[in-house]
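First listed ligand is number 1; within each ligand, the first listed atom is number 1.
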Amino acid sequence: MIKPPYKLRCEYLENPIEIDSPSPRFSWVLEHEQRNQCQSAYQIIVSSQRSLLSSEEGDLWDTGKIISEDHINIEYNGKPLKSNEQYYWRVKWWDKDNTESSFSEVSSFETALLEDSDWKAKWISKKEFVEKETRHTLQYKSGGRNLFGRLREVKAIYLRKEFNLEKPIEKAKLYICGLGYYVLKINGRRIGNRILDPSQTDYNKIALYSTYDITTDLQKNNAIGVILGNGRCIELYGYDFPKLIVQIHILYKDGTNDIICSDESWKVSNGPILENGIYYGERYNARLEMTGWDTPNYDDSEWNNVSIVEGYNLASQLMQPIQISQVMNPKNMSSPQPGVYVYDFGQNFTGFVRLKVRGPKGVQVTLKFAENINEDGTLNFATNRTAPVNEIYILKGNGEEIYQPQFTYHGFRYVELTGFPGVPTMETIEGYFFHSNVPKVGDFICSNDLINKIHKNVIWGQLSNLMSIPTDCPQRDERHGWMGDAQLSAEEAILNFDMARFYTKYLRDIKLAQKEDGSLSDVVPPYWPIYPADPAWGAAYAVILWYMYWYYDDIRVLKDHYESLKKYIEFLSINANDNIVTVGGKYGDWCPPMSIVSKRTPLELVSTWYYYHDTLILSKIAKILGHEIDFNRYTEKVKEIKDDFNREFLMRTYKYLKSSFIDRAISQTSNVLPLYLNMVPEEKEKSILNYLIDAIRGHYDYHIDTGIVGTRYIFEVLTDNGYPEIAYKMINQTSFPGYGYMIKEGATTLWERWEKLESSGMNSHNHIMLGSVDTWFYNTLTGISSLSPGWEKLRVKPFLPEDMNYAQATLNTIKGLIYSSWEKLEDTLIITLNIPVGCKVEAWIPIKHERNIIKEGDTVIWEEGKQSESKLSIEFKEIKDNYVLFGLGSGYYKFSVDYF
Ligand code: BGC
């Protein structure tokens, strides 16, 4: 008997309760005791009742035995699914020898609201918001919309409703969209542990609702309370005012149903949250708390009736919510001035703090947040730019009071506390690190401490910038979905985290942001509508789409976005002159050392290169989807762009760009980009490469001179062309500019700039756009790279730097666990691999000489320059550049080489 499938997922999630697709997809993971195994067939059964599945009956769908190796994203194709239902499924498999497993454990998925018409509830809000005049006095300091729209961060509003249940209930599910952000309470208890929900979208196009199972939260008499904060749902960001829709579906034990909806019977009031805003922070007056407002039998006669308002199109959120992943304790507290207390968390992160305080009624305590500190120990707020970033808490004065904000977040390492009654302690504040709670799937560690630190900073920076959209930074007056930052860090994000849901959602955001003419915005959702996007930013569409296919084997997204991507490429094409793109480029190889816009790398070169890059991806997608005419057309186009790119840039720019006769500097990026996509005419390839290498060695003394674009590709180009040790040396630099320099200067995340800058301007200390280096650790140091969609074929080709003793990586891929490690022991090199069922690997085992002996387990497999014994599932392929290449199937392998 073989082990049944496990880790069953529906739409990438385990037992989701918010599916809004009529044909959700199923995936599972396989394990086998034997090597070189794969699935030869599967059977899925889906049922309306758990009990039916115990008797292995699928009343909704029984695929029967399907001959197929696929076990990722198998589309449901049974009887139509209904809204707000729970379904159960199991799956079994046959291995390649046709041995059959038993059925898996039962997994389930629940539908949310599949049709717009399932929504019976009404959108509600507060009268003063609806009327333009009063809204303006509430939302703008001047009371009128002026140029900069000086924001008055309007109060949060409190909404409530009581209802009774006359019969025992079987199940209750609640669907809610509260914009900008909501906090949901039932019978005095907070429901769920989401923060800053729902996910940010362009509300004019789509708003996302969240789903909660509230079966155990209900009783006979109930009160539901919702607090609404501003988030981005105010005029300043292109919307009007906060609003709410809620719908509860009750199934009674006797089989009957009820729906409870937001409607005109709800009541609304102001409350203790006096001001709230993403950038602003929050002002909270505890004296205005309304004890019991979220419990039954509260006297709300003073509250107002809500207004029915116009709402937005809705879709299920279906992605990991923002949640606290780590409680942070301050490492140090100091008092640089009387009454001013400064806490240092020792780590730059995204979140807020919880305050504990005792004191007299009316005392006002202020918390301020910053990434940096001045020499005198006070906070340096410069990198927040115009974001005020503070919390003000006014005490109610009865015993210990605990406060944490609801509708804001900060990017910070230091906190300043003033106005505190008495002397605070280390326990006075506690930090919470939160972000879109994507599961961690990658792990990397090695013997080089600096590389481990860079990796750690990337992880902190990446998570800090997942706030339901991929943000640029968490601290200053931006925090936007800048698409350049998003695309350049996408592969790193996918190696470290399960990004499938996050990026599926973001791709829809991109599509919805597309204009009729095909153009995209630099920022998505387009809270700052900057059209047309710089091509390096617009590339996020093609890049993320491609990675969804490449890493998650997701064909559905390719289909969903094909026409829009094509429209975007056509937009670039119309705006190109002889295939040279001059429109939209404004950032290019953004932020190289010592400048913001690159002086060495022309904007047009970067823009045109991305035009080529995106068209190439489009042509591949056309092929995959069987659009033959498009495939031929875009393949032709790709050739044309390449020729024109070389005609325009080869001789003038990417080979020779020097500032002057005596300045030997060339643009690293201009040379790296065409090498990366094999665009250089064959006869020139060697000389371009040598030119780059000479400049890195001679002129740059093994330092990076790239902005965010060049940095993304340079290490890979050097490695693929036989110079991994140069990439390694550049990454390890501790002098300016380099990752090691940042770390030497105290960075605990990645900076926006290579320089250490702490004044206001473009100086964020928590940007992720240079985080792309992390992929090199996985792809080169532990050598794992994917060679086909969904990891079906992969390569493991570790690079062993002289000064390193070990490296190890784990990747929990969609196919299962990939593991690669190497360790130099006294006279042996040990390489360990784990390859999931269904995957084929090219295993490149490093040797020093052809005479080295390679063993797998206890068996000698390579001796005297040839394969000594053919071992099941280990197949010698070739010997090249001090590696012996074996073809392997799934399983666990331990190789040893007498390396030294
Ligand atoms: C952001 C960047 C972004 C850039 C566009 C900045 O203000 O912080 O990360 O990509 O603008 O040039």
Side-chain angles (χ1 to χ4, degrees), residues 200 237 278-279 348 350 371-372 382-387 389 409-412 457-458 460-467 469-490 492-493 506 509-510 513 519-541 543-544 583-599 601-604 606-607 610 669 706-712 742 747 749-755 757-773:
Q200 301 181 70
Y237 307 113
I278 307 168
Y279 305 134
N348 193 332
T350 297
E371 297 184 300
N372 298 315
T383 64
N384 295 336
R385 296 203 313 216
T386 67
V389 189
Y409 74 98
H410 317 296
F412 64 102
N457 287 15
V458 170
W460 279 98
Q462 182 60 70
L463 288 176
S464 291
N465 283 298
L466 296 178
M467 279 292 158
I469 54 171
T471 59
D472 57 336
C473 60
Q475 73 298 87
R476 70 180 179 219
D477 45 6
E478 295 204 43
R479 315 182 193 184
H480 281 300
W482 284 98
M483 293 213 292
D485 313 40
Q487 67 102 346
L488 294 165
S489 55
E492 163 273 304
Y506 194 59
D509 292 340
I510 299 176
S519 64
L520 296 170
S521 164
D522 284 325
V523 167
V524 170
Y527 302 130
W528 282 354
I530 309 178
Y531 292 87
D534 182 298
W537 272 240
Y541 202 11
V543 168
I544 296 176
V583 172
K586 13 183 198 298
Y587 320 122
D589 192 26
W590 189 241
C591 294
M594 304 309 288
S595 63
I596 296 185
V597 176
S598 178
K599 297 194 179 91
T601 309
L603 282 174
E604 297 77 37
V606 177
S607 298
Y610 270 110
T669 300
T706 46
I708 58 174
V709 169
T711 305
R712 161 68 184 84
M742 286 190 200
T749 39
L750 294 180
W751 299 340
E752 178 175 22
R753 307 284 296 276
W754 292 112
E755 301 85 65
L757 296 169
E758 295 187 340
S759 58
S760 86
M762 306 289 294
N763 297 330
S764 149
H765 280 235
N766 196 355
H767 251 59
I768 190 55
M769 60 197 193
L770 292 171
S772 51
V773 65

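- Residue-ligand proximity: Met762 is placed with a non-hydrogen atom under 4.0 Å from ligand 1.
- Each of His767, Glu752, Met769 was compared with Cys473 under the side-chain contact (heavy atoms from CB on, under 4.5 Å) criterion, and only His767 meets it.
- For Met769, every heavy-atom contact with ligand 1 shorter than 4.0 Å involves the side chain, none the backbone.
- Annotation for ligand 1: atoms under 4.0 Å from non-hydrogen atoms of Glu752 are 8 (O).
- Atom numbering of ligand 1 starts at 1 in the shown order; those under 4.0 Å from a heavy atom of His767 are 1 (C), 2 (C), 8 (O), 9 (O).
- Taking the six-membered ring for Trp and thresholds of 30 and 60 degrees, Trp751 and His765 have ring planes inclined between 30 and 60 degrees apart.
- Contact atoms of ligand 1 toward Arg476: 1 (C), 6 (C), 7 (O), 8 (O) (distance under 4.0 Å to a heavy atom of the residue).
- Which parts of ligand 1 touch Asp472 is read off a 4.0 Å heavy-atom cut-off, strictly below it: atoms 1 (C), 8 (O), 9 (O).
- Using a 4.5 Å heavy-atom threshold, the side chains of Trp460 and Asn348 count as separate.
- For ligand 1, the atoms sitting less than 4.0 Å from at least one non-hydrogen atom of Trp590 are 4 (C), 12 (O), numbered in the order shown with element in parentheses.
- With contacts defined as side-chain heavy-atom distances shorter than 4.5 Å, the pair Thr749/Glu371 does not qualify.
- In this pair, Trp482 and Trp528 present their aromatic rings perpendicular. The plane angle is above 60°, beyond the 30 to 60° band.
- Contacts with ligand 1 closer than 4.0 Å are made by side-chain heavy atoms of Glu478 only, the backbone lying farther away.
- Looking at ligand 1, you'll find an N or O of Asp485 within less than 3.5 Å of one of its N or O atoms.
- When non-hydrogen atoms are compared, ligand 1 lies under 4.0 Å from neither the backbone nor the side chain of Arg385.
- Residues Thr706 and Thr711 approach most closely at OG1-OG1, 2.8 Å, considering heavy atoms.
- If you run side-chain contact (heavy atoms from CB on, under 4.5 Å) between Trp537 and each of Leu488, Asp485, Val523, Ile530, only Asp485 comes through.
- Checked by atom type, the side-chain pair Gln487/Tyr610 shows a donor-acceptor distance below 3.5 Å.
- Taking 4.0 Å as the cut-off, Lys586 does not count as a neighbour of ligand 1 on heavy-atom distance.
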